[in-house]
Amino acid sequence: MNLFVTVGTTSFVTLIERIDTPEFLDQLISKGFKSITIQTGKIDYKPKHLPKYQNLESEVYGLKPSIAQDFQKCDLVISHAGAGTIFEALYLKKSLIVVANNTLMDNHQVEIAEEMKKKKYLDYCSDVSRLVEVFKNFEPENIVPLPRPNTLNFKQLIDEHMGFSKKKQD
Amino acid sequence: MLLKLFGGLFLLLLILIIRVLSILPIFRRPKIHKKNTNEQVRVLSVLGSGGHTPEMLKLLETLFIGEERNYQISFVIASSDKTSQHKAKAFSKKFKEKFGIDDIQIYLVPRSRKVGQSYFSSIFTTLYASFFSFKIVVLENPKLVLCNGPGTCVPIALAAFLLRIISIKFIDVIYIESIARVKRLSLSGRILYPIADRFIVQWESLTSKYKKVEYIGRLI
């Protein structure tokens, strides 16, 4: 099994540092993961503990033009709470643990993470310090698949507003 | 003489205020156009950094579903936003191939506000962007402006509204708040809330807090 850690185009050092600890990596191994891919975003990160794990395949990089393949091949995603990342993972039906970045100034990101956790579409870790615990207790069977969006409602609204509707206007 | 001047200015200001108040969407029911038979609607869509562009492009795609080509799109993008320019060109190419539509016009404007820029200095950068935005809206002459939240959309929507005040043309402004906004509107959303003709949100929780918003389900 492969774990994909992604922070999009942000910088979320504390998450990467928490992943790169024996505490987390031991837990990763005990859950049956054989490989880990870490996308570190805007920062350049040199892993300290990860190289010691000979039985864990790893790839660490900053940014790539497209991370779609890394999403596709993984079994679990741990990411920052960016809406784009969240939907990219959920559209691909991946199990997802979202971690709040409490070093951000205006942290509106947590709103969508909390709301989606309430609906059980993903699991949410409110602070990096709790990641190992959340990861340990994570059960993919409890996750509810995200329903499809109602994008056509947008077309309908615009058509009606601009006078293209086929419905009768009274 | 001076008194007459002041009196005149005061009267003008009063008329202007009454005019603005009378056309503010917040004081009127949504204006839905009478049945449009043939005229293609020119749409000016504002793109922005982060998730704004991908969300907007997904919405725009739906306007091309079906046989009718009711809409003609052009984009407004901040000049420093290379990612959105790249995505806009890819979108234009894809739709040209798929639907045979013409190249989509892309207008560049100076950025209104960089992410994290102080609100105070943003006032000046937004004003600067406003001159360019006004020019674009006049040149492009859209019937509809679509925005979903980046700073770039504020001067564009305001320009459309200004044109309405001085009665040159009636341009609709439809605002779609990002899926990331669950409990509270974004800054752009709060600024444009009084002037948008339709204001769409993607979380039902926002409908209790803001009276004018419309929830039509999750759109992306």
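Letters A, B, ... are given to chains in the order of the sequence lines, protein chains preceding strands, and every chain is numbered from 1.
- Here B/D172 contributes atom CG and A/I158 contributes atom CD1; the two are 9.0 Å apart, rounded to the nearest 0.5 Å.
- Heavy atoms from other residues, nucleotides or ligands lying under 6.0 Å from CD of A/E59 number more than 12.
- Counted within 6.0 Å of NZ on A/K136, heavy atoms from surrounding residues, nucleotides or ligands total 12 or fewer; the atom is thus considered open.
- A donor and an acceptor atom, one from each side chain of A/D159 and B/Y71, are located under 3.5 Å apart.
- Between A/M116 and B/W203, the closest heavy-atom pair is CG-CH2, 4.1 Å.
- Within 6.0 Å of NZ in A/K31 there are more than 12 heavy atoms belonging to other residues, nucleotides or ligands.
- If you take CG on A/L152 and CG on B/L219, they are separated by 10.0 Å, rounding to the nearest 0.5 Å.
- Residue contact with chain A, scored on non-hydrogen atoms closer than 4.5 Å, involves the side chain of B/I174 exclusively.
- Using a 4.5 Å cut-off between heavy atoms, A/E114 touches chain B through its side chain atoms alone.
- To the nearest 0.5 Å, atom CG of residue A/N150 and atom CD1 of residue B/I220 are 12.0 Å apart.
- In this structure the side chain of A/L157 reaches within 4.5 angstrom of the side chain of B/E214, judged on heavy atoms.
- Nearest approach of B/R198 to A/H161, heavy atoms of both residues: NH1-ND1, 2.9 Å.
- Ranked by non-hydrogen atom pairs under 4.5 Å with chain A, the options B/K183, B/R181, B/K58 are led by B/R181.
- Residue-environment remark: CD (A/Q72) exceeds the threshold of 12 foreign heavy atoms within 6.0 Å.
- Within a 6.0 Å radius of CZ in B/R184, other residues, nucleotides and ligands contribute 12 heavy atoms or fewer.
- Distance check: B/E61 CD to A/T151 OG1 gives 9.0 Å after rounding to the nearest 0.5 Å.
- For A/F87, the part sitting under 4.5 Å from any heavy atom of chain B is the side chain, from C-beta outward, and nothing else.
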| Between B/L63 and A/M162, does a side-chain contact (heavy atoms from CB on, under 4.5 Å) hold up when you go through it step by step? | CA-CA 12 Å; B/L63 299 180; A/M162 302 311 292; over 6 Å; no

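- Under a cut-off of 6.0 angstrom, the local environment of NZ in A/K46 is sparse, with at most 12 non-hydrogen atoms contributed by other residues, nucleotides or ligands.
- Annotation for B/K114: atom NZ does not count as buried by contact number, only 12 or fewer foreign heavy atoms lying within 6.0 Å.
- Taking CZ of A/F164 as the reference point, atom CD of B/Q40 lies at 8.0 Å (rounded to 0.5 Å).
- Between the CZ atom in A/F154 and the CG atom in B/L59 there is a gap of 5.0 Å [rounded to 0.5 Å].
- Both the backbone and the side chain of B/I65 come within less than 4.5 Å of a heavy atom in chain A.
- Counted within 6.0 Å of CG on A/N142, heavy atoms from surrounding residues, nucleotides or ligands total more than 12; the atom is thus considered enclosed.
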